[in-house]
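First up is the structure itself, then whatever we jot down about it.
Source: prediction; values computed, not measured. These values consider heavy atoms only, across backbone and side chains, with no hydrogens, waters or symmetry-generated copies.
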Amino acid sequence: MQMRFDGLLGFPGGFVDRRYWSLEDGLNRVLGLGLGCVRLTEADYLCSHLTEGPHRVVAHFYARQLTLEELHTIEISAVHSRDHGLEVMGMVRVPLYTQKDRMGGLPNFLANSFVGTAKFQLLFALKILNMVPEEKLAEAVAATQRPKKPPIDHAAAAA
């Protein structure tokens, strides 16, 4: 995932003008600007989401398994892209584990702010690609929905 300029987490991508590009060609053109070395095909397609509102947008979601070497290459390429430091603040790895306290790792990560449907897309991909066991994924989501303990008011506690 990427940290965007507005502090929200999202996936790499952008708008594709279907008058000039097929969906995958346009996506690869946009990804080439930011990541450089990854090419997606129809076989990598997972789902689409329609966002209603003043600006209707269809977000097509693709996922592809990478080798560790490919991931390192993409991370290095992303730092050197033209959008790095302007539109994108950097790549972010999603922790696919939960620590013993049941909050550290994926649950804390899911408590971040995501753009549009990115959180749903992430959860969908983790489930459909069997990257996190379904029961662990449900626990991580449930942990982010529990009310947090209020901070201790040290001044009141001293009185």
Side-chain angles (χ1 to χ4, degrees), residues 1-99 103-134 136-138 140-141 143-145 148:
M1 298 192 81
Q2 295 178 325
M3 175 64 71
R4 294 163 27 111
F5 67 94
D6 55 8
L8 300 175
L9 291 170
F11 289 100
F15 292 101
V16 175
D17 189 335
R18 295 284 309 262
R19 294 177 296 175
Y20 304 111
W21 305 93
S22 73
L23 192 54
E24 285 78 20
D25 286 343
L27 175 61
N28 285 316
R29 186 183 70 76
V30 170
L31 288 178
L33 297 174
L35 302 179
C37 52
V38 65
R39 291 202 52 81
L40 299 173
T41 67
E42 274 186 56
D44 300 314
Y45 172 83
L46 283 186
C47 61
S48 297
H49 299 94
L50 173 64
T51 304
E52 295 289 347
H55 305 288
R56 290 177 53 156
V57 174
V58 179
H60 303 285
F61 188 59
Y62 291 72
R64 187 169 138 223
Q65 185 173 345
L66 302 171
T67 65
L68 187 56
E69 183 179 299
E70 288 172 323
L71 178 60
H72 286 161
T73 302
I74 288 171
E75 289 175 332
I76 290 167
S77 177
V79 172
H80 299 289
S81 77
R82 70 175 184 148
D83 292 337
H84 184 77
L86 301 170
E87 288 185 30
V88 177
M89 300 297 109
M91 301 291 292
V92 177
R93 290 190 186 190
V94 178
L96 300 181
Y97 59 86
T98 300
Q99 293 179 339
M103 278 307 295
L106 184 58
N108 273 341
F109 185 85
L110 294 175
N112 283 303
S113 296
F114 295 80
V115 65
T117 58
K119 185 175 182 178
F120 175 81
Q121 291 170 330
L122 171 62
L123 293 170
F124 180 77
L126 293 177
K127 179 181 177 182
I128 207 81
L129 300 173
N130 297 315
M131 296 177 75
V132 176
E134 201 166 332
K136 295 291 185 189
L137 194 55
V141 170
T144 64
Q145 296 169 345
K148 296 194 190 261

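- Counting heavy atoms from C-beta on, the side chains of D44 and T41 come closer than 4.5 Å.
- Between H49 and F124 the shortest side-chain heavy-atom distance does not fall below 4.5 Å.
- Put simply, CZ on R56 and CG on L50 are 5.0 Å apart, with the number rounded to the nearest 0.5 Å.
- A pairwise comparison of heavy atoms in H84 and A78 identifies CB-O, 3.4 Å as the closest pair.
- Taking both residues in full, the closest heavy atoms of S48 and H60 are given as OG-ND1, 2.7 Å, listed atom of the first, atom of the second, then distance.
- Looking at F15 and V57, their side chains come closer than 4.5 Å, going by heavy atoms from C-beta outward.
- Remark: the backbone N or O of Y97 is not paired with any side-chain donor or acceptor of K136 at under 3.5 angstrom.
- Considering only heavy atoms from C-beta on, F109 comes within 4.5 Å of V92 through its side chain.
- Atom CG of L106 is separated from atom OG1 of T144 by 9.0 Å, given to the nearest 0.5 angstrom.
- Closest of all the heavy-atom pairs between P107 and A143 is CB-CB, 4.0 Å.
- More than 12 heavy-atom neighbours from other residues, nucleotides or ligands sit within 6.0 angstrom of CD on E52.
- Between the CG atom in L66 and the CD1 atom in I74 there is a gap of 4.5 Å [rounded to 0.5 Å].
- With respect to L137, the side chain to side chain contact (heavy atoms under 4.5 Å, CB included) criterion is satisfied by exactly one of L96, T98, L126: L126.
- Here the straight-line distance linking atom CG of L71 with atom CZ of R93 works out to 4.5 Å at 0.5 Å rounding.
- Nearest heavy-atom pair, L40 versus R64, reported as atom, atom and distance to 0.1 Å: CD2-CB, 3.7 Å.
- Exactly one of E24, Q121, E42 qualifies for a side-chain hydrogen bond (donor to acceptor under 3.5 Å, both in side chains) with Y62. That residue is E24.
- Summarising the geometry of L8 relative to S113, their closest heavy-atom pair is CD2-CB, 3.4 Å, with the distance given to 0.1 Å.
- In this structure, the separation between CE on M89 and CG on L86 is 6.5 Å, given to the nearest 0.5 Å.
- For the pair N28 (side chain) and D25 (backbone), a donor-acceptor distance under 3.5 Å is absent.
- Between L129 atom CG and Q65 atom CD the span is 8.5 Å, to the nearest 0.5 Å.
- A donor-acceptor pair is defined here as one N or O able to donate and one able to accept, closer than 3.5 Å; no such pair exists between the side chain of T117 and the backbone of F120.
- Summarising the geometry of M1 relative to A118, their closest heavy-atom pair is CE-CB, 4.2 Å, with the distance given to 0.1 Å.
- Note: F61 and F11 meet the aromatic proximity criterion, with ring centroids under 6.0 Å apart.
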Using the side-chain contact (heavy atoms from CB on, under 4.5 Å) rule, take L9 and M3 through it: C-alpha gap first, then chi angles, then the decisive distance, then the call. CA-CA 5 Å; L9 291 170; M3 175 64 71; 3.8 Å; yes
